Amino acid sequence: MQRAPTYWVIDPDDPRAPPQELWDRMTPEERQRVLDTLPSEFEVSEASPPEGDFHFNPKMAARDALGGFFERIGRRVYLACELPVYYPAERMFAPDLIAVLDVEVKERAHWSVSAEGKGVDLALEILWSGRTKKDLEDNVTRHASLGISEYFVFDRRRRRLRGYRLAQDGARYLPIVPQEGRLTSAVLDLDLALEEDRLRFFHGQTAVLETRELLARLGTMMGDLEARIERTELRLNEERQRADEERRRVDEAERRADEERRRVDEAERRADEERRRVDEAERRADEERRRLDRERQRADEAERRLAEALAELARLKRERG
């Protein structure tokens, strides 16, 4: 037997997602038609007029700071501002900021709990000039009934921050007690606090910075880095100049040493030549001494023979006479 189509008519004045039991019976095509029909934009009415920068800037700053932080640490947390949220058969609502853990981070037209298979984990409202009762009373009751784990309200005009967390029974909110001026979010694993009229998130003692603050800090760091690089380059240039000067002094000292070595070598060469001349002169003197000795020996021999001849002549004269 063929299943009869499951229809869900969306009231444009009060758009709602179908009850869960009806959603479960729908085909994928029928579910997609519902998702395509759920509105994601609404006309501004006098009941919810825009509140200007005092309301817009804090929620965007919160999304920016949280989005950058979770991206840096590699944690999948979907964040959205004023995104229509559809719980099964419940009246649509669009918190200033929602956070959903461990889901795909991508662009969405709305958050349908049935389609996503998960409800909102945290909601944040920025209170400036809107209805205090809605944010501080109605939402406290309704968000708890929907099972939203945590709910925070930042009253910027009065500079007050309130936080609520589901009780263990999951049926009501209990106020989050400040610790040293901070409210701890178990969902985000961060602390929330006020700095004058500004909402801040803290990871331990470190503030979670917004993109503009990170860029400013990066700019300062880059400026400091460039200054350090310039100082380092200046020191390197000075060191190079000193090294070049030292090399010039070493080169000059080596040049003088080479000249001195050449002078020493020349002196040694002249000394060697002088030694050779002295040796030659001594050799000639020795030869002359030997020649004189030979001449002296010959003279002594001649004198001896002359003396013998004279003695013989004297003897012959005596015999003749």
Side-chain angles (χ1 to χ4, degrees), residues 16-21 23-24 38 58-59 62-63 65-67 69-70 73 75-105 108 110-127 130-156 158-194 199-204 208:
R16 300 186 184 214
Q20 188 63 42
E21 60 272 16
W23 176 269
D24 293 339
L38 287 174
K59 64 184 176 185
R63 178 182 176 181
L66 292 175
F69 173 75
F70 290 130
I73 67 174
R75 186 179 179 191
R76 293 198 312 165
V77 179
Y78 174 68
L79 302 163
C81 290
E82 294 186 348
L83 186 79
V85 177
Y86 293 96
Y87 275 75
E90 292 286 340
R91 189 178 73 255
M92 183 278 300
F93 64 104
D96 288 329
L97 176 71
I98 63 169
V100 188
L101 306 183
D102 304 319
V103 296
E104 184 180 1
V105 178
R108 290 173 169 87
H110 43 64
W111 185 270
S112 172
V113 175
S114 296
E116 299 286 351
K118 191 176 190 332
V120 173
D121 290 309
L122 177 145
L124 168 69
E125 292 288 355
I126 310 295
L127 182 59
R131 294 175 297 170
T132 303
K133 182 178 182 299
K134 176 182 78 71
D135 290 335
L136 298 180
E137 296 181 23
D138 299 343
N139 282 349
V140 172
T141 301
R142 188 181 185 206
H143 289 357
S145 69
L146 294 174
I148 297 175
S149 298
E150 290 179 345
Y151 173 53
F152 291 89
V153 181
F154 170 33
D155 187 344
R156 187 179 183 188
R158 297 172 182 80
R159 297 184 181 181
R160 295 186 62 183
L161 178 63
R162 296 176 177 87
Y164 305 90
R165 183 176 296 122
L166 278 178
Q168 290 185 350
D169 59 14
R172 58 194 173 90
Y173 274 144
L174 294 178
I176 299 175
V177 179
Q179 300 292 330
E180 298 181 356
R182 297 183 181 182
L183 300 181
T184 298
S185 169
V187 170
L188 301 178
D189 194 23
L190 297 173
D191 292 338
L192 288 74
L194 297 184
L199 177 61
R200 274 286 197 188
F201 298 90
F202 290 86
H203 185 242
V208 177

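Model, not experiment: these values are computed from the prediction.
In this structure the side chain of Y151 never reaches within 4.5 angstrom of the side chain of V120, judged on heavy atoms. In this structure the side chain of L190 reaches within 4.5 angstrom of the side chain of L66, judged on heavy atoms. E125 is listed as a side-chain neighbour of D96, based on a closest heavy-atom distance under 4.5 Å. In this structure, F152 and L97 have side chains that are not in contact, with every pair of non-hydrogen atoms separated by 4.5 Å or more. Proximity of W23 to P88: side-chain heavy atoms (C-beta onward) are nowhere separated by under 4.5 Å. Looking only at side-chain heavy atoms (C-beta outward), D189 and R75 come within less than 4.5 Å of each other. With contacts defined as side-chain heavy-atom distances shorter than 4.5 Å, the pair Y78/R108 qualifies. For the pair K133/D138, a side-chain contact is recorded, criterion being any heavy-atom separation below 4.5 Å from C-beta on.
Heavy atoms only, all atoms of each residue included: P95 and V85 are closest at CD-CG2, 4.1 Å. A pairwise comparison of heavy atoms in P175 and Y164 identifies CA-CD2, 4.1 Å as the closest pair. Between V100 and V103 the shortest heavy-atom distance is O-CG2, 3.7 Å. The two residues Q20 and S114 have their closest heavy-atom pair at OE1-OG, 2.7 Å. D121 and L101 get closest at one heavy-atom pair: OD2-N, 2.7 Å. Residues G204 and R182 share a closest heavy-atom pair of O-NH1, 2.8 Å.
At least one donor-acceptor pair closer than 3.5 Å links the side chain of E150 to the backbone N or O of A186. Distance alone, capped at 3.5 Å, places no donor-acceptor pair between the R158 side chain and the L127 backbone. Without hydrogens or angle criteria, Y87 side chain to F93 main chain gives no donor-acceptor distance under 3.5 Å. At least one donor-acceptor pair closer than 3.5 Å links the side chain of R16 to the backbone N or O of A89.
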### Query
Going through the checks in order, is the side chain to side chain contact (heavy atoms under 4.5 Å, CB included) test met by L192 and F201?
CA-CA 5 Å; L192 288 74; F201 298 90; 3.6 Å; yes

### Task
Report the C-alpha distance between L166 and Y173 in whole Å, list the side-chain angles of each, state the deciding distance to 0.1 Å, and finish with yes or no for side chain to side chain contact (heavy atoms under 4.5 Å, CB included).
CA-CA 4 Å; L166 278 178; Y173 274 144; 3.9 Å; yes

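Here the CZ-NZ distance, from R156 to K59, works out to 12.5 Å after rounding to the nearest 0.5 Å. Here CZ of F154 is found 5.5 Å from CG of L194. Values are rounded to the nearest 0.5 Å. Atom CG in L38 sits 10.0 Å away from atom CE in M92 (nearest 0.5 Å). Atom CG of L79 and atom CG of L124 lie 10.5 Å apart (nearest 0.5 Å). Between atom OG1 of residue T184 and atom CD of residue Q179 there is a gap of 6.5 Å, rounded to the nearest 0.5 Å. The CG atom of D102 sits 6.5 Å away from atom CZ of R76, with the distance rounded to the nearest 0.5 Å.
With L161 as the fixed residue, the side-chain contact (heavy atoms from CB on, under 4.5 Å) test singles out one of I176, V153, L183: L183.
Every residue two or more places apart in sequence or in another chain that forms a ring pair (Phe, Tyr, Trp, His ring centres under 6.0 Å) with H110 is listed here: Y86. With sequence neighbours excluded, the residues that form a side-chain hydrogen bond (donor to acceptor under 3.5 Å, both in side chains) with D169 are R172.
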